[in-house]
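Everything below concerns the one structure shown next.
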Amino acid sequence: MKRIIIDTDAGVDDALAILLAFGQKDVKIEAFTTVNGNVDVDKTTANVLKILDLVGQDVPVYRGCPQPLVAPVFNAASIHGVDGLGDAGIPASKRQPEKKHAALALVDLANQYPGEISLIAIGPLTNLAAALTLDPDLPHKFADLTIMGGAIYARGNTNVTAEFNIYADAEAARVVFERWPKVRVLSWETTMLYPFNGEQVAHFFNMGTAKSKFFHDIYQKTLGFLREKFHQDLLFSADGLAVACAIDPSIITRKEEHFMEVELHGASTRGLTAVDWFGLGGKPANAEIILELDHARYVQMIEDGLR
Ligand code: RIB
Ligand code: CA
């Protein structure tokens, strides 16, 4: 049984990733921790509770940090909708989050089940940085850490060189890469290698299930944004790829380990994830960078999640 915790800024691709996780056999989601990112933390928390209503599962949800460690709050409502789920009118859940803060929940669960839980972060890394400050041994108490984050070739999606999850809280990301010995990284550039085209999107939208309809409804705003930006029907599922690789690393077909650090002060490069591809700095690799994966297996996992 693969036991996981998902730290999320539940937005639309987070929602798809969460459905993917629920659709996999032998996976137990121990908890969700929520963070400010695509939208504010009250909305990201409310969105996870809505998804629990959809899948009919009871998983504890811990509300996390409402703002980055240092930077001002930065959101992506233009892509994910004001409510974070495409403003599709998904009804509010009656469920409530746990009282405990997400950072404390990460520390407590890691200490309660040392080495047994895989941590997956698909939003800004604020909760993880806070938890690391509370318990610096955390990396040795989780089985592993996989993040969706970074622009490994500096092809950013938020500023010129930075990917959103890193840019939104660059200080938190720097802390995580400095203090977590090995982070599995699913970057924005690797995400862009595996878009879903119009035909595949239509297939996912028309599976005749409640989850498929939910996915259709929440993605309309994002698809409109992508059509406007890329002038074609493309759908990127960054978080889904990260969760799939974390749940089943055997779908990773090419990866490299290198030292990676986060730029904080560059005039135009804040949030840059600088990868030492040639080992010039002589520092030990702290990132397992996913370069290619088995897309057919990934499509199967998405279908499992929408069934
Ligand atoms: O850059 C993509 C990432 O930013 C995804 O996690 C998406 O949900 C947003 O948080
Ligand atoms: Ca996300």
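First listed ligand is number 1; within each ligand, the first listed atom is number 1.
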**Study point:** Ring geometry between Y219 and F215 (parallel below 30°, tilted from 30 to 60°, perpendicular above 60°)
**Key:**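 Perpendicular.
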
Check your understanding: Which word best sums up how the rings of Y167 and F74 line up, parallel for under 30°, tilted for 30 to 60°, or perpendicular for over 60°?
Key ->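 If you compare the ring of Y167 with that of F74, the planes turn out perpendicular.
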
Exercise for review: State whether K211 and E303 are salt-bridged, where the test is any N-O pair (Lys NZ or Arg NE/NH1/NH2 against Asp/Glu carboxylate O) under 4.0 Å.
Suggested key: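 Salt bridge flag = no for E303 with K211.
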
Point to revise | Short N-O contact, D53 and K50, less than 4.0 angstrom | key: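 Judged by the 4.0 Å cut-off on N to carboxylate O distance, D53 and K50 do not form a salt bridge.
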
Check your understanding: Sorted by chain and residue number, which protein N/O/S atoms are under 3.0 Å from the Ca ion (ligand 2)?
Key ->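 N, O, S partners closer than 3.0 Å: D9 OD1, D14 OD1, D14 OD2, I122 O, D239 OD2.
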
Exercise for review: Go through the steps to decide whether E30 and R3 satisfy the test salt bridge (Lys or Arg N to Asp or Glu O under 4.0 Å), and finish with yes or no.
Suggested key: CA-CA 6 Å; E30 296 288 347; R3 301 169 68 187; 2.6 Å; yes

Check your understanding: Is the F196 to H295 ring centre distance short of 6.0 Å?
Key ->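 Ring centroids of F196 and H295 are less than 6.0 Å from each other.
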
Could you check ligand 1 for N or O atoms lying under 3.5 Å from protein N or O atoms and list the pairs with distances?
| unit_1 | atom_1 | unit_2 | atom_2 | d |
| --- | --- | --- | --- | --- |
| ligand 1 | 1 (O) | N157 | ND2 | 2.8 |
| ligand 1 | 1 (O) | E163 | OE2 | 2.6 |
| ligand 1 | 4 (O) | N165 | OD1 | 3.3 |
| ligand 1 | 6 (O) | I122 | O | 3.0 |
| ligand 1 | 6 (O) | N165 | ND2 | 3.0 |
| ligand 1 | 6 (O) | D239 | OD1 | 2.6 |
| ligand 1 | 6 (O) | D239 | OD2 | 3.1 |
| ligand 1 | 8 (O) | D13 | OD1 | 2.5 |
| ligand 1 | 8 (O) | D13 | OD2 | 3.4 |
| ligand 1 | 8 (O) | D14 | OD1 | 2.8 |
| ligand 1 | 8 (O) | N38 | ND2 | 3.1 |
| ligand 1 | 8 (O) | D239 | OD2 | 3.0 |
| ligand 1 | 10 (O) | D9 | OD1 | 3.3 |
| ligand 1 | 10 (O) | D9 | OD2 | 2.9 |
| ligand 1 | 10 (O) | N38 | OD1 | 3.1 |
| ligand 1 | 10 (O) | N38 | ND2 | 3.3 |
| ligand 1 | 10 (O) | N165 | OD1 | 2.9 |

Point to revise | With Y153 via ring pair (Phe, Tyr, Trp, His ring centres under 6.0 Å) - residues at least two apart | key: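 W277.
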
Practice item. Verify the distance criterion only: is there a donor paired with an acceptor across the side chains of S118 and D144 at less than 3.5 Å? Key: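 Short answer, yes.
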
Review point. Who else is in the cluster with V35 when I, L, V, M, F, W and Y are joined by side-chain contacts under 4.5 Å?
Key: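 Joined to V35, directly or through intermediates: none.
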
